[in-house]
Amino acid sequence: MILLTIASLMITELLYEGGELAAVAAMHGQGIHFYPHQFAAWTVGTGLLSAGIGADALMLISRVGYWTHVTTVLAFGNFLPYGKHFHIITGLPTVFFQRLPPVGQLSKLDIENSEKFGTAKLTDLSWKEMLDTYSCTECGRCQTHCPTYVTGKPLSHRS
Ligand code: SF4
């Protein structure tokens, strides 16, 4: 679904920009001026123009592409918190608030005064640990290189 959404965003963007370039060119009875930074839109626009579509229909294609694109972006934005792509939003604050001590330095356990050790429930996580959780892209590298997991025992911190 995510890949289809991203493909839809790309296609509707190209229809919007390419359609508009082609519509303006058709109104003025000329070809589309080529700008290197609009290579993909120029290609789509040239294709639409050479198909013999009228200026009004080209503008309609552009407008439909624009509103479909905007609607998809807004819908995708609302879906983000429910999937692993939420890291698009949480990634930056996660890096900003990262731990600054040396990598691998462990915090000391206060065994004598602590009543809880480790994490048993979600509410045991700190706000930063929650943020880190939402920033996970589920690539699996941490599990692949986890010393407990590579022993072959049924130990998985991802599941
Ligand atoms: S390494 Fe582990 S925690 Fe980090 S993004 Fe990949 S799966 Fe998530």
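First listed ligand is number 1; within each ligand, the first listed atom is number 1.
Evaluation of the salt bridge (Lys or Arg N to Asp or Glu O under 4.0 Å) rule for E20 yields R63 as partners, not counting sequence neighbours.
Interatomic distance, OH of Y16 versus CH2 of W67, reported as 10.5 Å (0.5 Å rounding). To the nearest 0.5 Å, atoms CG (D132) and NZ (K128) are separated by 3.5 Å.
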Practice task
Dump the intermediate steps for side chain to side chain donor-acceptor pair (under 3.5 Å) on T12 and T68, then the final yes or no.
Solution key: CA-CA 7 Å; T12 52; T68 307; over 6 Å; no

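Close contacts between ligand 1 and G140 involve ligand atoms 6 (Fe), 7 (S) [criterion: under 4.0 Å to a heavy atom]. Heavy-atom proximity to T137, at under 4.0 Å, picks out these atoms of ligand 1: 5 (S), 8 (Fe).
Under the 4.0 Å distance rule, the nearest protein heavy atom to atom 4 (Fe) of ligand 1 falls outside the cut-off.
Applying the side-chain contact (heavy atoms from CB on, under 4.5 Å) test between T90 and each of L80, L131, V95 identifies L131 as the sole match.
Residue pairs that meet the side chain to side chain donor-acceptor pair (under 3.5 Å) test with at least one member in residues 71-86, sequence neighbours left out, do not exist here.
In terms of protein heavy atoms, atom 1 (S) of ligand 1 is closest to C142 N, 3.3 Å. The closest protein non-hydrogen atom to atom 6 (Fe) of ligand 1 is C139 SG, 2.3 Å.
At a 4.0 Å heavy-atom cut-off, ligand 1 touches E138 through the backbone alone.
Look at C136 and atom 2 (Fe) of ligand 1: no N/O/S atom of the residue is under 2.8 Å from the metal.
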